[in-house]
Amino acid sequence: PLETLAALMLDRHQRDLPDLSPHVVLFPQPGAVPRFREALLTAAHHAGQGGVLAPWCGTLDSWLQSQAHDTGELIDEPERDLLLLEALQSFGQLRERYGTWPLVDSLLSLFDELNAHHPTLPSDVDQFAADLAAGYGLREPIAALHSEANLVHTLWRAWNSHLQDHRLQDRALRRRLLLASKPPAIDTARHVYMVCPVDLSGTEVNWLKPLREAGRVTILLHGGVRASGYHPDGAIRRCYEMLDVSFPRSPEPDSAYGRFIESVYADDTDIGARAHSFAVQTPNSPAENRLHVYAGGDFEQEARAVDLAVRRWHAEGVRDIAIVTPDRKLARRVRAL
């Protein structure tokens with residue numbers, strides 16, 4: 001995606017070169033920024049440009065903060081905990097049932113989600129419970145759902161009223177307000193590029209839609225979209241759905257190995273049946289010499305096996321190597337080796 005974006009910007013804004021500074025590029029993580037700058041400079045050199053004035057690059061949050069004016073005092077996490085603790089004083093039964101701090105943590109997490117998606121909560125709690133029941137596919141609200149709906153409805157409204165009355169904001173609320181208001185500098189940014197968003201929220205989509213209608217935003221997605229929307233492209237499918245964009249037709253894999261990978265992630269049958277079916281269609285496994293299973297005797301042996309595999313690939317001229325593991329300790333040891 002970084003190389004694709006660099007080539008796209010150089011081609012689209014050729015008349016403005018070497019000045020790309022009026023444009024904005026948004027990444028999910030700040031770590032992509034230096035890599036993109038390097039890719040852009042390399043692409044510019046290949047295009048005969050001595051250099052370029054880079055666009056503004058960073059995350060959506062950092063862009064919003066750079067455009068923010070004084071919209072209220074920002075409270076930190078300890079202050080937020082204490083404020084909600086104060087609001088829960090009249091809910092003694094809840095605090096006794098769930099525990100004070102677990103209740104505070106879970107409610108603040110819920111409030112953050114509500115701010116991220118910014119649903120329009122009806123003023124009437126009965127209607128709110130009915131909306132929840134409809135969302136869950138229930139014919140009518142059940143007692144437990146109505147009780148929790150009343151709790152959330154009461155605390156959510158009280159929480160926001162308390163913040164507004166004292167001109168206070170937590171980070172989630174400030175982000176929602178910034179997304180709801182057009183940053184002044186958006187008028188000077190000629191075009192916004194959003195690269196690989198994988199978890200768009202409702203407020204982000206609402207921020208993007210006016211830019212899309214004005215033709216001033218380009219969203220680059222990395223991955224395919226299949227009919228089932230199953231992993232690993234479910235996140236891409238959700239982006240299309242939230243943005244009301246029609247799905248492109250994904251090409252069929254043009255190799256036996258590609259079809260093998262597709263069959264691994266398909267969700268129509270259990271994996272044993274898929275493995276048997278694929279073996280019948282393709283007697284000679286395309287994964288041979290490409291996928292291996294290794295069982296280490298202990299942690300150190302496992303780390304050294306990974307280290308040895310990387311060294312072998314590097315000696316064979318392979319340069320793009322990734323190690324994926326959920327074990328941070330293993331990752332640190334492999335990096336040290």
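Just the heavy atoms: all of them, side chains too, but no hydrogens, waters or symmetry mates, feed the values below. All values reported here derive from a predicted model rather than from experimental measurement. All residue numbers in this chain count up from 1 along the given sequence.
In this structure, the side chains of R175 and N115 stay at 4.5 Å or more apart for every pair of heavy atoms. For the pair H146/D126, a side-chain contact is recorded, criterion being any heavy-atom separation below 4.5 Å from C-beta on. At a threshold of 4.5 Å between non-hydrogen side-chain atoms, the residues L221 and P197 count as touching. You'll find the side chain of V125 stays beyond 4.5 Å of the side chain of T154, heavy atoms only. Side-chain contact between T282 and F260 is absent, with no heavy-atom pair separated by less than 4.5 Å. Side-chain atoms of R12 and T218, non-hydrogen and from C-beta on, do get closer than 4.5 Å to each other. The shortest side-chain heavy-atom distance between D244 and K209 falls under the 4.5 Å cut-off.
Taking a cutoff of 4.0 Å between a charged side-chain nitrogen and a carboxylate oxygen, R80 and E77 qualify as a salt bridge.
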Donor-acceptor list for residues 326-334 side chains, cut-off 3.5 Å, not counting sequence neighbours:
residue, atom, partner, partner atom, Å
D327, OD1, K329, N, 3.0
D327, OD1, L330, N, 3.1
R333, NE, E300, OE1, 3.1
R333, NE, E300, OE2, 3.4
R333, NH2, E300, OE2, 2.8

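Of the candidates L26, L179, D199, E204 forms a side-chain contact (heavy atoms from CB on, under 4.5 Å) with just one, namely L179.
Ring planes of Y193 and H23: perpendicular class, angle over 60° (limits at 30 and 60°).
Other residues, nucleotides and ligands place no more than 12 heavy atoms under 6.0 Å from the NE2 atom of H222.
In this model, no donor atom of one side chain and acceptor atom of the other lie less than 3.5 Å apart for Q65 and D61.
Residues meeting the salt bridge (charged side-chain N to carboxylate O under 4.0 Å, His left out) test with D19, sequence neighbours left out: none.
Residues L291 and V310 fall into different hydrophobic clusters, defined by Ile, Leu, Val, Met, Phe, Trp and Tyr side chains chained together at heavy-atom separations under 4.5 Å.
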